[in-house]
There are 2 protein chains.
Amino acid sequence: MPRTATGESSLARAVRILESFTLDEPELTVSEVARRAGLPLATASRIVGQLVEYGLLGRGPGREVRVGFRMWELASRAAPTRSLRNAAMPYLEDLHAVVGHHAQLAVLQGDEVVFLERLSARDAVVNYSEIAGRLPPHISSSGVVLMAYGPAELQERVLARPLESWTAETITTPDRLRATLDQVRRRGYALLAGHVHRDATGIAVPVRNGLGEVVAALSVIVPNDARAVSAVPALLAAARGIGRSLR
Amino acid sequence: MPRTATGESSLARAVRILESFTLDEPELTVSEVARRAGLPLATASRIVGQLVEYGLLGRGPGREVRVGFRMWELASRAAPTRSLRNAAMPYLEDLHAVVGHHAQLAVLQGDEVVFLERLSARDAVVNYSEIAGRLPPHISSSGVVLMAYGPAELQERVLARPLESWTAETITTPDRLRATLDQVRRRGYALLAGHVHRDATGIAVPVRNGLGEVVAALSVIVPNDARAVSAVPALLAAARGIGRSLR
DNA sequence: CGGACCCTCCCATCCATTGAGAGGGTGTTT
DNA sequence: AAACACCCTCTCAATGGATGGGAGGGTCCG
């Protein structure tokens, strides 16, 4: 029964296979891959075999499959991430050294916030964000900053959707989100205490490129107490430095 | 004239297309991609179009093509890189803060050295290594460490090949390389002054996992002068810390 | 305004891809 | 030790998605 249920290119299937790996489950069996990608086992086995051959996937000591080293290598050539990261890294380090806990760099991708880089102290407060991890924009300080300075359509789309709640402090009404965005634009930074986790405060500022466009958000996560606001000047200064490095 | 010159899967071609992007030239035109991947223009155009649709490639403001954000996202889920990087990052930061210049983490991949992470000061001495960049093992201090503690077959393969020369100091004879490897094993670290660039000294130490296996090299690049050796204790201490974090 | 590049779409041809099933693993339960 | 429940890879005939020369239409430059 050949070629029957298809209607899609083999490339599309390969990409679906690559997408079945997540941050939480970076290792899967072939069967699991087949299930997630919605492919017959034999087909999944064959494509996985090819991807392993080309290095995009790799095999662990058993038969489990994971994303391959070659994939990481190819992806690290991605220009958008690289130039921003290179410009930001020294400032992110300084920020981390001074403020402690977590210092992060995030960008907008689709309608979500993606963290490009994160520096964490070993004894830092909890933090749910992960490098390459995604969060809805209304949850985190980075997201609110990126929304506030982002395209109007994005704001409308996010405001139109139900706002997921993570703690008692999370913004869950469009009105409150709108008010927060206004406040961020007035103040030039976002400070959200206990929105992601009750013990943590996120503080974020916009990073502007040479043209004045907001291209990223720089943020720190600190304990949820009165001293949190003192991190704002360091953030603003670091964001300016990154902007200058971006030419 | 369809399907004639093929004999290979479309997936193989897609991977060849992804591989035509390099660190030095992260943006290519479709014609350039076709040339590098050895594909007819029409075919390259079609596959590039698909890869863009799936997000593995992206388009710049003009028509130029680059590696896509989604590719970076998928690759960041690669387990081998992630756990080592996460364990090493805090120590790499401390090392960088204390020693200055460049602090790097490298692993062996194939018969080459690949840099997983690098922290650089803005005013640091020159450094040719790049994140996701490759170097032949005999050139750099990281490479020599990874060779010294690596599998015997690797040493034989590298010793059998011609040893490329970068500066007057570069190791170019098998005898000298063998002697250097012995010295590294005796001392527990590698110090190569002026091998990559005459003004820079590389110092590297092995990073061991919980089983005592050498899984990476930790290194710093400092100015080529008498103070260089003083970085060794800090490197050794950091490598032990990383090893402990790897459980 | 000619020349040298770019890029995408078209479409008749046909071979690489397909997936059920066989065959053979490994690990756990009865 | 047998039964079970998973795993995974290979085979093979049928076929529809991939193929690539060329047409058509861009942009840039001197």
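By convention in this document, chain letters (A, B, ...) are assigned in the order of the sequence lines, proteins followed by strands, and residues within each chain are numbered from 1. Here the structure is a predicted model, which is why all the values come from computation and not from measurement.
Checked against salt bridge (charged side-chain N to carboxylate O under 4.0 Å, His left out), B/Arg157 has the following partners two or more places apart in sequence or in another chain: B/Asp111. The salt bridge (charged side-chain N to carboxylate O under 4.0 Å, His left out) test applied to B/Arg16 returns B/Glu8, not counting sequence neighbours. Residues forming a side-chain contact (heavy atoms from CB on, under 4.5 Å) with A/Ala217 (at least two apart in sequence, or on another chain): A/Ser142, A/Val145, A/Leu146. Residues satisfying the side-chain contact (heavy atoms from CB on, under 4.5 Å) criterion with A/Glu64, sequence neighbours excluded, are A/Glu27, A/Pro61. In terms of the salt bridge (charged side-chain N to carboxylate O under 4.0 Å, His left out) criterion, A/Glu93 has no residue partners (sequence neighbours excluded). Among residues two or more places apart in sequence or in another chain, the ring-ring contact (aromatic ring centres under 6.0 Å, His included) test is passed with A/Phe69 by A/Trp72. Not counting sequence neighbours, B/Glu53 has no partner by the salt bridge (charged side-chain N to carboxylate O under 4.0 Å, His left out) test.
Every pair tested for salt bridge (Lys or Arg N to Asp or Glu O under 4.0 Å) that includes a residue from residues 143-153 of chain B fails, sequence neighbours excluded, so the list is empty.
Using a 4.0 Å cutoff on non-hydrogen atoms, the parts of residues 42-58 of chain B near DNA chain C are B/Ala42, B/Ser45, ordered by number. Sorted by residue number, the members of residues 28-37 of chain B with any non-hydrogen atom under 4.0 Å from DNA chain C read B/Thr29, B/Val30, B/Ser31, B/Arg35.
A donor-acceptor pair under 3.5 Å is formed between the side chain of B/Arg185 and the backbone N or O of B/Ala148. Side-chain atoms of A/Gln50 never come within 3.5 Å of backbone atoms of B/Ala12 as a donor-acceptor pair (strictly under, hydrogens ignored).
Within the 4.0 Å cut-off from OP1 or OP2 of C/dC5, not a single side-chain nitrogen or oxygen of B/Arg63 is found. Here A/Arg13 does not reach the OP1 or OP2 of D/dG17: none of its side-chain N or O atoms lies under 4.0 Å away.
Straight-line distance from the CD1 atom of A/Ile17 to the P atom of C/dT17: 13 Å, rounded to whole Å. With rounding to whole Å, A/Leu41 atom CG is found 8 Å from D/dC7 atom P.
Nucleic acid contact for A/Leu39: none, since no nucleic acid atom lies under 4.0 Å from a heavy atom of the residue.
End-to-end axis angle of the helix from C/dC1-D/dG30 to C/dT30-D/dA1, using five pairs per end and rounding to 10°, comes to 50°.
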For residues 30-38 of chain A, dump all side-chain donor-acceptor pairs below 3.5 Å to protein atoms at least two apart in sequence or in another chain.
residue, atom, partner, partner atom, Å
A/Glu32, OE1, A/Arg35, NH1, 2.6
A/Glu32, OE2, A/Arg36, NE, 3.0
A/Arg36, NH1, A/Ser20, O, 3.3
A/Arg36, NH2, A/Glu25, OE1, 2.9
A/Arg36, NH2, A/Glu25, OE2, 3.1

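Between D/dG17, C/dT17, C/dA20, one nucleotide has an atom nearer to the side chain of A/Pro40 than all others, and that is C/dA20.
If A/Ser10 and A/Arg59 are placed on DNA chain D by their nearest nucleotide, the residue sitting closer to the 5' end is A/Arg59.
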